[in-house]
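Here's the structure we're looking at; comments come further down.
Only heavy atoms go into these numbers, but all of them, side chains included; no hydrogens, no water, no symmetry mates.
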Amino acid sequence: MSDFRKLNVYCKALDFVDAIYKLTGGFPKDEQFGLTSQLKRASSSICCNIAEGNGRYHKKDFMQFLRIALGSSLE
């Protein structure tokens, strides 16, 4: 098990989360619980799934979490 924080994909995912939070900061207040919330949750989910998958015992499990992270990125 490696340190997921050193993975290039994890670092890029964190940058993506930062970009989403900056972007949605300018959205209208009436979108706070709609589109803004969904974008923030989906982007954060990418990082969470990479981290959780890295903690799994089998490489196949990690690969499944990476697929879930990919799905969140497409959301």
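Using a 4.5 Å heavy-atom threshold, the side chains of Ser44 and Tyr21 count as touching. Side-chain contact check for Ile50 versus Phe65: every heavy-atom pair is 4.5 Å or farther apart.
Rounding to the nearest 0.5 angstrom, the gap separating the CG atom in Asp3 from the CG atom in Asn54 is 7.5 Å. Leu35 contributes atom CG, which lies 4.5 Å from atom CG of Leu39 (distance to the nearest 0.5 angstrom). Leu7 contributes atom CG, which lies 11.0 Å from atom CG of Leu14 (distance to the nearest 0.5 angstrom). Interatomic distance, Met63 CE to Ile68 CD1, rounded to the nearest 0.5 Å: 12.0 Å. Atom-to-atom distance recorded for Lys40:NZ and Thr24:OG1 is 4.0 Å, nearest 0.5 angstrom. Rounding to the nearest 0.5 Å gives a distance of 11.0 Å between CG of Leu66 and CG of Asp61.
Between the side chains of Arg41 and Ser45, no donor-acceptor pair of N or O atoms lies under 3.5 Å.
At a threshold of 4.5 Å between side-chain heavy atoms, the hydrophobic network of Ile, Leu, Val, Met, Phe, Trp and Tyr places Leu70 and Val17 in two separate groups.
Distance alone, capped at 3.5 Å, places no donor-acceptor pair between the Ser37 side chain and the Gly34 backbone. The backbone N or O of Glu31 sits less than 3.5 Å from a side-chain atom of Thr36, completing a donor-acceptor pair.
Nearest heavy-atom pair, Ala42 versus Ser72, reported as atom, atom and distance to 0.1 Å: O-CB, 3.5 Å. Tyr10 approaches Phe4 most closely through the heavy-atom pair CB-O, 3.3 Å.
Applying the 6.0 Å contact sphere to CZ of Arg67 captures more than 12 heavy atoms from other residues, nucleotides or ligands.
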